[in-house]
Protein chains: 2
Amino acid sequence: MKIDPTSKSDLSAQIAKSIRDAIISGDMIVDERLPSESELADQFDVSRPTVREALKRLAAQNLIRTQRGATGGAFVRRLSYDEARAQHVTTSTLLLSMNAVDFQTACEARYALERACAPLSAQRRTPDHLATMRAEIHRQSQPGLSDEGFCDSDVAFHRALVDGAGNPVLSYQLGGAVEAMQPLMNMITFTQRNRDRIVELHTAIANAIEANRPHDADAALSELTAYTLTLGEQVMAARVARKG
Amino acid sequence: MKIDPTSKSDLSAQIAKSIRDAIISGDMIVDERLPSESELADQFDVSRPTVREALKRLAAQNLIRTQRGATGGAFVRRLSYDEARAQHVTTSTLLLSMNAVDFQTACEARYALERACAPLSAQRRTPDHLATMRAEIHRQSQPGLSDEGFCDSDVAFHRALVDGAGNPVLSYQLGGAVEAMQPLMNMITFTQRNRDRIVELHTAIANAIEANRPHDADAALSELTAYTLTLGEQVMAARVARKG
DNA sequence: GTGAAAATTAATGTCAGACAATTGAGAGCC
DNA sequence: GGCTCTCAATTGTCTGACATTAATTTTCAC
């Protein structure tokens, strides 16, 4: 294996790319062991620290895991749904916080995605999913619940709704999106929101899911969208009023 | 700043986490310069190579960029939509290829997501989006087009549909999903598919988007979903037949 | 005085070699 | 056979050095 010395990018970036390509293309399979750091250093004709930097890049993307000891080394790692979702949440959170996304855009995206899986959830949710939704609704109606607790419960409720569709790929995609956006939306709206109203809408959603009435679920989600948007506008108006 | 020496994880992982938290929490803002590697080494009481491994981890997640030279260093990087989507595509591709996702599940997730934004696209698409869709349809109907070219065009068509919703957050979420799944689906189905049929369905979608008829767009996408699922079943049947 | 060339400097990028820590495997003993 | 002990392989970390890059400052010819 060779590395292009005329390339502008770092050696460690090139080596990481080379190995990443091998993994993505299927040349290396899950749990396969990579050559040791010394061997890689020889193969790529670089020093061991450079190889290590490359391996750390891959580790940061959950592509490999490393083990110390005699039979240790770096191994191709199976990316689990949970890890993938965690990565998705991190990326989405950063994207939103760094790009001044306006509230309406985030809100629209979040509910558009969620409504995509509500019909499937109505059709296939297990009693477990439904029980989780009911439990979270109950938690949300406790007066002593903190704002953080309410937000967590909100995320858990919507996650149960998404998981109810019984499609892990969908759960990964939407779960990541909802988990990233819900806290941001709660941070904006918690000053203005009426918990009773949200509990009411959540109950409507749960009822529709329980009765396998996709259309009702969609309608309830529409109302929740509209209510959230209204909250956003109220917060904006309050901010303008304070400044003026 | 200090690092817990009793923790099981690597020093470089701990340092990376510490800096990452500072960025996510907003303690460090975009384009802010991190201390130099030597300074970080002093602050965390580790050697420079260890700091460098930590920085490479962050670079792999597009959280920082580095610059050489006198005024160089590591800077907090603004995560762009394109980079975020690229990361999302990479993660999704890996997840799908490593977890033996069955065709039906992937197909269902992909079209559920796409149908979520079709109504918005019908309402808001610009002439540009429509022109892109028409151009890709035309390209797909050229007899000389290679399988790879057809797949690329397919992705471009669906991406235009998603972008037509005019919501960058939605484009990031769905674009990533579609771009990751479409090639996999094409890889499976290209032996069986009928290009004319796909062009026909794409045209129906474009017509519905042009006429702002969300319901028609949804129906056409449903048909495309059903057709794709049929293809998947045919491929499976063919495989069984070969083996038996 | 001014402008271009050269030295300075501060930072990342890379290398070589060493030692520490961990862990599985096999030898040796009972 | 089962237990312990040593050993060897591998990753984790450190030290110190040099190379490379690029902005800044200085020098010096004009």
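Below, all heavy atoms of this structure are taken into account, side chains as well, without hydrogens, waters or symmetry copies. Convention: sequence-line order gives letters A, B, ...; per-chain numbering from 1.
Taking the six-membered ring where tryptophan is involved, the planes of B:Tyr172 and A:His88 are perpendicular, since the angle between them exceeds 60° and thus also 30°.
In this structure, CG of B:Leu34 is placed 9 Å from P of C:dT12, rounded to the nearest angstrom. One can place CZ of B:Phe44 at 14 Å from P of D:dT13, the figure rounded to the nearest angstrom. Look at CG on B:Asp45: it is 8 Å from P on D:dC14, rounded to the nearest Å. Rounded to an integer number of Å, the gap from A:Leu58 CG to D:dT11 C1' is 16 Å. One interatomic measurement links the two molecules: CD of A:Glu39 to C1' of D:dT11, which rounds to 13 Å at whole-angstrom precision. For A:Arg52 and D:dT10, the CZ to P distance is 14 Å, given to the nearest whole Å. Here C:dC15 presents its C1' atom at 13 Å from CD1 of A:Ile15, a figure rounded to the nearest Å. Atom CG of B:Leu55 and atom P of C:dA11 are 14 Å apart (whole Å).
Side-chain nitrogen and oxygen atoms of A:Thr50 include none within less than 4.0 Å of the OP1 or OP2 phosphate oxygen of C:dG13.
Judged purely by distance below 3.5 Å, without hydrogens or angles, the side chains of B:Ser47 and B:Thr50 pair a donor atom with an acceptor atom. Looking only at atom types and distance, the side chain of B:Asn167 has a donor-acceptor partner in the side chain of A:Glu108 under 3.5 Å away.
The side chain of B:Ser36 sits closest to C:dA11 out of D:dT15, C:dA11, D:dT10. Distances from the side chain of A:Thr66 to the nucleotides D:dG12, D:dT15, C:dG13 place D:dG12 closest. Of the candidate nucleotides D:dG12, C:dC15, D:dT13, C:dC15 has the atom nearest to the side chain of A:Leu11.
You'll find the side chain of B:Leu113 stays beyond 4.5 Å of the side chain of B:Val178, heavy atoms only.
Put simply, the side chain of A:Arg48 and the base of D:dG12 share a donor and an acceptor less than 3.5 Å apart.
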At a cut-off of 3.5 Å, list every protein nitrogen or oxygen paired with a nitrogen or oxygen from nucleotides 21-25 of chain C, distance to 0.1 Å.
residue	atom	partner	partner atom	Å
C:dA21	O4'	A:Arg68	NH2	3.0
C:dA21	N3	A:Arg68	NH2	3.3
C:dT22	O2	A:Gly69	N	3.4
C:dT23	O2	A:Ala70	N	3.0

List the atom pairs, donor and acceptor, that lie under 3.5 Å between side-chain atoms in residues 54-61 of chain A and the rest of the protein, sequence neighbours left out.
residue	atom	partner	partner atom	Å
A:Arg57	NH1	A:Ser12	OG	2.7
A:Gln61	OE1	A:Arg20	NH1	2.4

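Where B:Glu37 and B:Pro49 meet DNA chain C, the nucleotide closest to each residue was compared, and B:Glu37 sits on the side nearer the 5' end.
Backbone-only engagement by B:Arg33 is indicated by non-hydrogen atom pairs under 4.0 Å involving sugar-phosphate atoms exclusively.
Among B:Ile24, B:Val30, B:Ile29, the one residue that satisfies the side chain to side chain contact (heavy atoms under 4.5 Å, CB included) test with A:Met98 is B:Val30.
Other residues, nucleotides and ligands contribute at most 12 non-hydrogen atoms within 6.0 Å of the CD atom of B:Gln104.
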